[in-house]
Amino acid sequence: MSQLLDNLNPEQLAAVTLPPQHALILAGAGSGKTRVLTTRIAWLIQNHHCSAQGILAVTFTNKAAKEMVARLSAMFPINTRGMWIGTFHGLCNRFLRAHHREAGLPQLFQILDSGDQLASIKRLLKALNVDDEKFPPKELQHFINGQKEAGIRPAAVEAWDDFTRRRVELYVEYEAQCQREAVVDFPELLLRSYELLERNEPIRRHYQARFRHILVDEFQDTNVLQYRWLSLLAGKGTEGGASLFCVGDDDQSIYRFRGAEVGNMRDFERDFRVGSVIRLEQNYRSHGNILDAANALIARNSKRLGKNLWTDRGAGEPVRIYEAFTDSDEARWIVEEIQSLVRDGMSRSDIALLYRSNAQSRVLEHQLFSSGVAYRVYGGLRFFERQEVKHALAYLRLINNPDDDTAFNRVVNFPTRGIGARSLETLQDAARTFNTPLYQTVPHLSGKPGTALGQFVGLIERLRQETANLPLHEIVEHVIERSGLSAHYKAEKEGQERLENLAELINAAANFSAEAGAAYEAEEGAVDGSALAGFLAHASLEAGDHQADAGSEAVQLMTVHAAKGLEFDAVFLSGLEEGLFPHENSILESDGLEEERRLMYVAMTRARQRLYISFTQSRMLHGQVRYNLRSRFLEEIPEGLTKWLTPPSPRRSFVSEPSTRYYNPGAAKPAMASMPPPPPMKSRDLGGLSIGQSVQHARFGDGVIVAAEGSGNDARVQVKFETAGAKWLMLAVAKLTPVG
DNA sequence: CTCGGGTAGCTTTTT
DNA sequence: GCTACCCGAG
């Protein structure tokens with residue numbers, strides 16, 4: 001117990017030992033957030049503030065949940081099984097399985113991942129003969145999920161125009177289809193749970209009485225529905241209930257685009273009259289210069305709860321800045337620098353190469369590859385998203401729940417068994433007529449038992465019977481063999497890797513039985529039903545690691561988003577250019593720039609010892625060479641903390657943005673006068689115009705030149721107009737008048 | 001049914 | 001510039 005609290009700093013200690021009450025912990029990057037969260041749980045239990053059953057801890061990713069459980073078990077022999085620790089979706093799944101009847105779901109309901117959901121929507125639009133040009137499936141998916149995540153059912157959507165009204169109708173149809181097929185999408189897991197808690201008083205009271213302490217990780221990433229779910233569970237006000245312990249960092253809120261609502265932090269303070277806001281500001285990760293640079297940058301954001309990281313580790317090295325001519329030059333320099341770090345003894349896996357968008361990885365990969373530097377890219381397809389794995393899972397899903405039309409469509413003709421679009425269309429039509437799922441419709445088709453479709457149904461029936469009494473991993477193995485998948489990939493030239501993945505799936509099933517089996521059958525029979533159903537839910541809820549040979553001694557490549565929560569000795573931050581970072585799309589969004597700045601803050605605070613920032617004068621993007629200004633974020637890092645590895649060239653003033661008030665060309669260091677002139681690319685003949693120049697156009701109005709290409713008669717400039725958006729204009733044709 | 005040619009679109013992502 | 005997806009030909 002005394003050991004438990006050893007080495008906590010005063011703020012961490014205060015957070016861990018708060019008396020039971022609502023609390024908001026503002027935990028800066030690298031401030032020991034996870035440690036506080038887990039120690040808090042251990043402290044609560046050891047001091048008899050509650051039993052393990054009284055704890056609910058919720059995270060966003062399976063990784064974070066697993067880490068919490070691992071750290072807790074390492075702390076003291078604790079019954080983690082009794083606790084509810086998991087992701088929002090994982091916990092809601094557990095809840096809905098336990099109360100499926102009250103939630104209006106069959107016990108063996110299946111979970112649709114995003115891809116399944118999209119397929120389901122496409123199928124719906126087709127069946128309803130909806131023009132998918134007018135209603136693009138992706139857009140409809142976004143619409144439906146957006147409504148659900150705001151807690152809005154179709155009847156409550158405010159639809160003022162025909163377009164929205166039609167989308168609401170499709171939302172209704174989609175809900176009906178899911179119900180018919182006994183499937184539940186991700187946001188539905190949340191919404192169903194919320195609604196059930198809300199309308200069913202006995203169940204609500206049961207859980208409110210049970211959970212004494214609710215702990216939330218990455219609270220800044222919660223969406224509206226998640227916050228409401230937490231509020232309901234905590235039972236604020238008359239119903240008594242749990243203490244909410246929310247840990248988050250508003251400066252690291254980078255997921256607004258997927259519904260995260262930072263405002264939840266302020267709302268939480270207000271709604272729950274949070275008396276204690278504790279700031280964890282001591283950083284155990286980075287050296288002083290890196291922290292100071294990050295602090296100075298984030299200080300320019302206006303909407304902050306306020307926080308300043310510090311360290312006692314010393315200033316360390318300056319932030320290194322490098323300007324390259326082209327993206328390949330930038331990549332070449334980065335790889336050379338990496339090689340030199342490795343020569344000096346740094347481990348490749350302690351080096352990260354970060355970028356704003358995935359498209360940037362290609363040039364970097366190319367250079368790493370040709371220099372023979374081992375690297376690893378995060379962000380590809382994940383295990384349970386692979387084609388062959390999804391196919392195998394689809395067979396398993398059909399055994400588990402034949403009404404799952406998404407699974408049916410996926411494998412009815414894979415491997416091919418002569419069931420073409422024609423027969424499927426007939427089947428679809430019949431299914432609509434009889435209002436039955438596809439599987440059940442097959443026997444209705446005018447008594448031809450020998451048809452290919454009939455044989456397919458026969459196959460599934462046979463598989464179900466043959467596997468009825470087998471242990472889980474043998475079910476999986478049997479289905480892979482007897483469905484024809486195995487033979488299909490054996491025959492395929494490139495099938496070897498797929499076969500290995502299928503073998504890995506059998507492994508995963510064996511592991512699942514061994515590990516999760518025990519946990520799942522704990523208390524309340526939360527997930528009974530078959531092991532198969534549990535495994536399928538697991539496969540949907542946890543897409544698996546991003547592949548890439550883990551553990552190998554390799555440089556880590558990923559987007560800044562993917563790097564959140566990670567740390568490295570050396571971090572290379574590439575592509576610090578206007579339009580890329582901050583991304584051009586974000587500049588038009590309200591508060592978009594502040595979110596980009598937070599993203600930059602996250603990126604910088606990943607570095608322990610060395611931070612490199614680079615940008616280029618020209619970059620190939622969307623098949624065009626673009627000439628971008630260097631990012632305004634570079635101007636927001638105080639000069640004394642940086643070291644330019646190339647001579648800093650003057651940044652053209654960025655006319656349309658108020659942030660330039662921080663940039664004062666007049667105050668340029670005298671040394672700049674002796675710097676070499678800007679390289680030739682910048683001095684291209686634009687008829688007296690330059691990048692950054694404000695111009696006027698007769699039709700499009702006022703704008704700023706943001707890029708240029710070609711020369712002479714072919715010279716073109718890209719102008720970002722205030723109202724008309726970005727346009728490429730031929731200088732020889734367009735009449736542009738310089739302004740100012 | 002499979003292959004390949006043509007074309008639209010292109011920030012970030014977990015569950 | 002790349003790629004994912006759609007459609008038409010074989």
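Chain A is the first sequence line, chain B the second, and so forth, proteins listed ahead of strands; every chain is numbered from 1. All values reported here derive from a predicted model rather than from experimental measurement.
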(request) Report the C-alpha separation of A/Asn413 and A/Arg417 in whole Å, then their side-chain angles, then the decisive distance to 0.1 Å, and conclude whether the side-chain hydrogen bond (donor to acceptor under 3.5 Å, both in side chains) test is met. (result) CA-CA 6 Å; A/Asn413 197 32; A/Arg417 44 177 73 89; 5.7 Å; no

Give the table of side-chain donor-acceptor pairs shorter than 3.5 Å for residues 556-564 of chain A, with sequence neighbours excluded, one pair per line with atom names and distance.
residue: A/Gln556; atom: OE1; partner: A/Tyr378; partner atom: OH; Å: 2.8
residue: A/Gln556; atom: NE2; partner: A/Ala554; partner atom: O; Å: 2.9
residue: A/Thr559; atom: OG1; partner: A/Ala562; partner atom: N; Å: 3.1
residue: A/His561; atom: NE2; partner: A/Ile254; partner atom: O; Å: 3.2
residue: A/Lys564; atom: NZ; partner: A/Glu218; partner atom: OE1; Å: 3.4
residue: A/Lys564; atom: NZ; partner: A/Asp221; partner atom: OD2; Å: 2.8

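For A/Ser114 and B/dT13, a side-chain-to-base donor-acceptor distance below 3.5 Å is absent, hydrogens and geometry of angles not being considered.
Atom-to-atom, CZ of A/Arg382 to P of B/dT13 comes out at 11 Å; the value is rounded to the nearest Å. Following rounding to the nearest Å, A/Tyr378 (OH) and B/dT12 (C1') show an atom-to-atom distance of 18 Å. Atom C1' of nucleotide B/dT15 and atom CD of A/Glu149 are separated by 10 Å, given to the nearest angstrom. Atom pair A/Met558:CE and B/dT13:P shows a separation of 11 Å (rounding to whole Å applied). Atom CG of A/Leu225 is separated from atom P of B/dT15 by 17 Å (rounded to the nearest Å). Rounded to an integer number of Å, the gap from CG of A/Leu621 to P of B/dG9 is 17 Å. Rounded to a whole Å, the CZ atom of A/Arg356 is 13 Å from the C1' atom of B/dC10. For A/Asn62 and B/dT13, the CG to C1' distance is 14 Å, given to the nearest whole Å.
Note on residues 106-118 of chain A: pairs passing salt bridge (Lys or Arg N to Asp or Glu O under 4.0 Å), not counting sequence neighbours, are A/Asp113-A/Lys390, A/Asp116-A/Lys390, A/Asp116-A/Arg397.
With B/dT12, B/dT15, B/dT11 as the choices, the nucleotide that has an atom nearest any side-chain atom of A/Glu589 turns out to be B/dT11. For A/Thr416, whose side chain is taken as the heavy atoms from C-beta onward, the closest listed nucleotide among B/dC1, B/dT12, B/dT11 is B/dC1. The side chain of A/His583 approaches B/dT11 more closely than any other nucleotide in the set B/dC1, B/dT15, B/dT11. Checking B/dT15, B/dT14, B/dT11 against every side-chain atom of A/Arg258, the shortest atom distance belongs to B/dT14. Among B/dC10, B/dT14, B/dT15, the nucleotide with an atom closest to any side-chain atom of A/His622 is B/dC10.
Applying the side-chain contact (heavy atoms from CB on, under 4.5 Å) criterion to A/Leu297, with sequence neighbours excluded, gives A/Arg597, A/Met600, A/Tyr601, A/Met604, A/Phe633, A/Glu636. The side-chain contact (heavy atoms from CB on, under 4.5 Å) check on A/Lys63 picks up A/Thr61, A/Leu566, with sequence neighbours excluded. Residues forming a ring-ring contact (aromatic ring centres under 6.0 Å, His included) with A/Tyr612 (at least two apart in sequence, or on another chain): A/Trp333, A/Phe572.
Comparing B/dT12 with C/dC5, their C1' atoms are spaced 22 Å from each other, to the whole Å.
If you check every strand for non-hydrogen atoms under 4.0 Å, A/Asp221 touches nothing. Residue contacts shown for A/Phe257 include a base, since a base heavy atom lies under 4.0 Å away. Within the 4.0 angstrom heavy-atom criterion, no nucleotide atom of any strand lies near A/Leu112. Residue-level contact check: A/Phe88 touches neither bases nor backbone, having no heavy atom under 4.0 Å from any strand. In this structure, A/Gln360 reaches neither bases nor backbone, as no heavy-atom distance under 4.0 Å exists between it and the strands shown.
Counting only heavy atoms from C-beta outward, the side chains of A/Thr616 and A/Phe325 never approach each other to under 4.5 Å.
Checking the phosphate oxygens (OP1, OP2) of B/dT11, no side-chain nitrogen or oxygen of A/Asn358 falls inside 4.0 Å. Residue A/Ser586 places no side-chain N or O under 4.0 Å from the OP1 or OP2 atom of B/dT11.
Between A/Phe535 and A/His538, the ring-plane angle classifies as parallel under the 30° and 60° cut-offs.
Each of A/Ile419 and A/Thr559 was assigned the nucleotide of DNA chain B with the nearest heavy atom; the assignment lying further toward the 5' end belongs to A/Ile419.
Classification of B/dT12 as anti follows from a glycosidic angle more than 90° from 0.
With a heavy-atom cut-off of 4.0 Å to chain A, the contacted part of DNA chain C has its first and last nucleotide at C/dG1 to C/dC2.
For the residue pair A/Pro106 and A/His100, the shortest heavy atom distance occurs at C-ND1, 3.9 Å.
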